[in-house]
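Heads up, the thing below is written out as structure tokens.
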Protein chains: 2
Amino acid sequence: MSPRSAVRPGGRSARVQQSVHAAVLELQAEQGRASLTVPQIAARAGVTPSTIYRRWGDVQELLSDVAVERLRPEAPPADFGNLREDLENWAVDFIEEMSSPPGRSYIRDALAGDPDGSNAGQCSAYAIEQVEAILARAARRGEHVPDTDTVMDHVVAPMMYRVLFRPGLLDPQYARDLVTAVFYRLMPLP
Amino acid sequence: MSPRSAVRPGGRSARVQQSVHAAVLELQAEQGRASLTVPQIAARAGVTPSTIYRRWGDVQELLSDVAVERLRPEAPPADFGNLREDLENWAVDFIEEMSSPPGRSYIRDALAGDPDGSNAGQCSAYAIEQVEAILARAARRGEHVPDTDTVMDHVVAPMMYRVLFRPGLLDPQYARDLVTAVFYRLMPLP
DNA sequence: AGATTAACGCAAGGATTTTGCGTTAAGATT
DNA sequence: AATCTTAACGCAAAATCCTTGCGTTAATCT
């Protein structure tokens with residue numbers, strides 16, 4: 001749920017949403033998100049504060065809304081011709097994006113202003129979508145592929161756990177090692 | 001960091017912290033955490049709002065402080081005599097606590113009002129402490145044990161990911177399956 | 001016991017949030 | 001295309017919350 005409830009999709013409402021989002025991004029870049037206030041965002045966006053309060057409720061829900069939009073993947077995962085490289089490169093890109101200061105900030109904002117968990121669900125839906133694209137492509141090639149949930153549990157989840165709870169233990173090699181472990185697990189036992 | 005900076009540990013400061021924490025828990029139980037305000041908490045605790053503002057900054061940091069305290073394990077993991085059962089039972093307890101409505105609420109609060117990530121770090125430190133206790137006990141018995149990080153990455157992280165991002169996919173059997181997978185991985189390959 | 005100073009209470013001033021009401025314009029109907 | 005309905009907006013007043021200066025209390029140190 002971007003805005004508080006179903007919003008008229010076009011015209012003035014769309015313009016307001018766009019200018020408010022743009023104002024948030026501008027002000028975040030200028031002064032960080034700690035000191036953002038609704039009246040300030042409203043002034044920059046050219047709307048009245050009450051418009052923001054009625055539509056988003058408070059600053060956090062607005063920031064959560066903006067964060068989810070910025071976390072949406074912009075392109076399908078790159079195709080390297082085989083599952084292993086596809087997964088490894090996607091995981092490395094993912095960890096680099098999510099562990100960067102803005103990435104971590106967006107994740108925390110997305111979770112913080114999300115009373116019903118729908119924004120968090122959208123974040124995982126983005127990751128699932130990307131993983132499934134990689135797995136489906138590999139399956140079409142005839143490769144043996146793990147379940148989506150296996151990749152989510154053992155590649156995505158460990159990375160996100162460290163982003164949220166253990167920053168400082170994150171580097172591209174960690175992402176590669178997690179992918180390697182999934183392939184190791186994929187091999188048949190004696 | 002519970003309070004904003006080093007706080008005098010005893011006497012009046014300790015009483016204020018205790019009564020404020022108690023007030024938060026009471027009001028949370030009575031009316032949920034969405035409508036909590038600092039003046040309301042202050043009134044219930046018998047202190048002035050400025051005391052709370054100066055010590056915790058805002059409602060979120062206070063809630064984060066309270067949440068971390070409630071997430072602290074109360075006892076060391078139960079001893080069933082072998083690693084497998086110790087881990088399985090601990091993981092089941094963990095998932096039940098973390099996926100319950102209050103558990104999820106505390107985790108989200110702990111993350112939300114935590115500008116520098118220290119409260120989040122404390123949460124993972126609690127889990128690490130419990131896991132290490134289980135592993136050390138098994139090692140003393142002479143059992144073959146996985147690394148702490150392996151358990152954190154492939155048991156704790158997937159559970160926490162689902163708690164935060166995919167509620168509805170959580171049950172005790174999932175916790176057991178994650179532990180099973182770690183043991184499967186522990187077996188030597190041909 | 002006395003000195004030092006962190007933490008608290010009070011109260012004023014400033015900023016933010018809420019709310020009622022009139023107006024605008026998006027989407028539906030004919 | 002003109003009209004109707006009502007969601008969304010702007011404005012402004014009122015309520016609430018947050019900040020801050022200053023005097024007081026009491027925890028800690030010597």
In whole angstrom, give the distance that lies between atom [atom1] of [X] and atom [atom2] of [N].
| X | N | atom1 | atom2 | result |
| --- | --- | --- | --- | --- |
| A:Arg55 | D:dG10 | CZ | C1' | 14 Å |
| B:Gln40 | D:dC17 | CD | P | 8 Å |
| B:Ile52 | D:dT19 | CD1 | P | 13 Å |
| A:Arg15 | D:dA8 | CZ | C1' | 12 Å |
| A:Gln17 | D:dA7 | CD | P | 18 Å |

For the pair [X] and [Y], find out whether any cationic side-chain nitrogen is under 4.0 Å from an anionic carboxylate oxygen.
| X | Y | result |
| --- | --- | --- |
| A:Glu97 | A:Arg70 | no |
| B:Asp149 | A:Arg166 | yes |
| A:Glu129 | A:Arg72 | no |
| A:Arg141 | A:Asp79 | yes |

Report yes if at least one side-chain N or O of [X] is closer than 4.0 Å to OP1 or OP2 of [N]; otherwise report no.
| X | N | answer |
| --- | --- | --- |
| A:Thr48 | D:dG10 | yes |
| B:Arg54 | C:dC8 | no |
| A:Thr37 | C:dT16 | yes |
| A:Arg12 | C:dG27 | no |

Under-3.5 Å donor-acceptor pair between A:Ser50 side chain and D:dC9 base: no
